[in-house]
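Worksheet for the structure shown next.
All of these numbers come straight from a predicted model, not from anything done at the bench. Lettering follows sequence order; numbering is per chain, from 1.
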There are 2 protein chains.
Amino acid sequence: MRRTRRRRGNAVTIHEVARRAGVSPMTVSRVTNGEDNVREATRDLVLKAIRELNYSPNPAARSLAGAQSTRIAMIYSNPSVAYLSELLVGALDKASKTAVQLVLEKWDDLKPVAERAAARKLAQSVAGVILPPPLCESDVIASELAAANVPTIAIATGRFRANVSCVRIDDFRAASEMTAHLIALGHTRIGFIKGHPNQTASAQRFAGFETTLEAAGITPNPAYVQQGYFTYRSGLEAAEQLLDRKRPPTAIFASNDDMAAAVISVAHRRGLDVPRDLSVVGFDDTITATTVWPELTTIRQPIAAMADAALNLLLRKIRHKKTGEPAEPVDHLFAHELVKRASDAPPREP
Amino acid sequence: MRRTRRRRGNAVTIHEVARRAGVSPMTVSRVTNGEDNVREATRDLVLKAIRELNYSPNPAARSLAGAQSTRIAMIYSNPSVAYLSELLVGALDKASKTAVQLVLEKWDDLKPVAERAAARKLAQSVAGVILPPPLCESDVIASELAAANVPTIAIATGRFRANVSCVRIDDFRAASEMTAHLIALGHTRIGFIKGHPNQTASAQRFAGFETTLEAAGITPNPAYVQQGYFTYRSGLEAAEQLLDRKRPPTAIFASNDDMAAAVISVAHRRGLDVPRDLSVVGFDDTITATTVWPELTTIRQPIAAMADAALNLLLRKIRHKKTGEPAEPVDHLFAHELVKRASDAPPREP
DNA sequence: CCGCAGGACGTTAGCGTTAACAATAGGCAT
DNA sequence: ATGCCTATTGTTAACGCTAACGTCCTGCGG
């Protein structure tokens, strides 16, 4: 007599699909993995069976058989919590669906030497790495991982580099659209608070701002531009500076939501009404944008979707790596969106 | 001749551990799963080998072989991002170490019927559930999961219930300490902003406040107590109310950091200096506490450690369930800490 | 001294998938 | 027709782990 079987629940397996399609499991596997050495007719047969049985491959079995360790590291450092949180949610969701094991590493302010060592060590133990900002900018990490042949994806980096794939939005265009929006409202004296200088996205956003200003025939005024560091604190200081001007700006475009929130706080402290006396807009659409009052007009990045895509890309790269195909870096641009809320209005004085 | 082996990189397997310990793989498996039918001496041998080889079980193989998914769900709903983020970091860290697969679910404002259905469905697919606030208060979810015999841990619920284990801090004592701190500074007119009424922790915190006030000989003034909902927005309104009083409080104790941040914002808008004109203290020590200016004096909850402990407890319960032992609910109290920062000072007028 | 119970540990056989190789069919040049 | 090559499909044996069952050994009562 047969042993008690231990098949779990009721999940459809590759064998059932194979039987129904009248082929071997291996052929089914080839179809699900998109290999091209299957005849068109056979492929259709298999696909039909898959649809009929509503089959989906068991990720655990896949990663076990594939001998590809599916550990993927995400390295973060001094993150914006709101950003990290949304990123984690997206990544975790995908990870649980594909049976990859996400491991989190926190590398705070490492010196390049330490960073290099850490990257080298990490490369031993994981199959891929996700680099959210600000670490996505580190050439040290990128080059070390590339040297170790560990697929890497940068999220929301401002530029596309040769050795690392990335998933991002078009910071330049987004900033440009926001600037155009402010101009369309009637603003001409627009302040700008830059992001952290170590991130390319900061430069992109500023470039988008300046270019659009010029295109509209407004000469950029250096006195209306302040350096910030993506922190609330730096936003406070920058706002103080901007509002101390004899003719202060009628609108301030901060390079992220945290700094925009700081601007609102300063404005309130000075008795200015937002948006009647001062329009304030942010960038990223993190939770901050909707917690402050008034709610921020900002640029929405689909962070969770980007995390999802990043994992997808990474998995594909890991697979390609196994087959030896030299996967060339990808630059996956996501669509952003200008979210209009309550922190902007036409200027009081024309 | 042997076929080419396809062993992945360098991961240590259960066989290597077994060989080193001089036992069978099965014994190692029993040890890693905490089964009790292994002699003490043997167990130590195995544990030593595990440590020496730095072995950690392959989750894919585990879930494939076990037919028991080590999937643990964390259900969140309208969370404080800062809180969620820290929670996720802690849970994920532990999860990757113990090879459990964390799945995230977002249940936003479900009606009880829908919530019950969702819980019933979830119970089919996971081995355990973690309930952070505010869902940790839901008796519907708790009872449904208990009925399905799915181990559940509530995080940071205010009270201990018979059917759900929980991991939390002593909200009453923490609030009491903070109140005593304000009184020690010389404050007698202390405002309080309550948390969301659907969370027991809110009541606990308020009780701690009121009790300590009375113990110090100060009669609680209902006019100094406002209902809040843990949101920044609700904090704004509550603060406006409190500061509109003819004799406004000289200190405001908000039931969480977000509302405390809102109080600071309102104070600034009214030209009050924090802390010279108004002391403001929060609760939770989320990231908000250190982003606002001045930084908040608050109560620190070790959120990440609590997530870690929650997973631990859950794993133990899942194991016990397999062996049939009836695990009785646990109430794991964590130590909190009053973190003194820059938002409190003695009152200006005595 | 035997038999038997029960605990500790080992063996076997999968879990569902894919890597590596084998086999087969068809095509084409010799 | 024969041999050889390629495109397609099948077979076998892992991947690392654990459920289920088997075996051995110890201890104890009769």
>> Considering every strand and a 4.0 Å limit on heavy-atom distances, what is the contact class for A/N37: base, sugar-phosphate, or nothing?
In response: base
>> What contact category does A/T27 fall into here, base, sugar-phosphate, or nothing, at under 4.0 angstrom with non-hydrogen atoms?
In response: sugar-phosphate
[X] bridged to [Y] by N-O distance under 4.0 Å:
| X | Y | answer |
| --- | --- | --- |
| B/K48 | B/E52 | yes |
| B/R168 | B/D331 | yes |
| A/E16 | A/R20 | no |

Give the nucleotide from the list [options] with an atom nearest to the side chain of [X].
| X | options | answer |
| --- | --- | --- |
| B/P25 | C/dT17, D/dC17, D/dT18 | D/dT18 |
| A/M26 | D/dA20, D/dG10, C/dT17 | D/dG10 |
| A/R30 | C/dG16, D/dT9, D/dT18 | D/dT9 |
| B/A65 | C/dC9, C/dG14, C/dG16 | C/dG14 |
| B/P57 | D/dC17, D/dG16, C/dG10 | D/dC17 |

[N] [atom2] sits how many Å from [X] [atom1], rounded?
| X | N | atom1 | atom2 | value |
| --- | --- | --- | --- | --- |
| B/E16 | D/dC15 | CD | P | 11 Å |
| A/N58 | D/dC17 | CG | P | 16 Å |
| B/E40 | C/dC9 | CD | C1' | 16 Å |
| B/E35 | C/dG10 | CD | C1' | 14 Å |
| B/D36 | C/dG7 | CG | P | 10 Å |
| A/R43 | D/dT9 | CZ | C1' | 13 Å |
| B/I14 | C/dT11 | CD1 | P | 14 Å |
| B/L64 | C/dT18 | CG | P | 12 Å |

Below 4.0 Å: OP1/OP2 of [N] and any side-chain N or O of [X]:
| X | N | result |
| --- | --- | --- |
| A/S29 | C/dT18 | yes |
| A/R39 | D/dT9 | yes |
| B/S24 | C/dG10 | yes |
| B/R62 | D/dT18 | yes |
| A/T42 | D/dT9 | yes |
| B/N33 | D/dT18 | yes |

>> Can you confirm whether B/L47 sits close enough to B/R51 that some side-chain heavy atom of one is under 4.5 Å from a side-chain heavy atom of the other?
In response: yes
>> So A/L122 and A/I75, do their side chains get closer than 4.5 Å, heavy atoms only?
In response: yes
>> Looking at B/S143 and B/D139, would you say the former's side chain and the latter's main chain have a donor-acceptor pair under 3.5 Å?
In response: yes
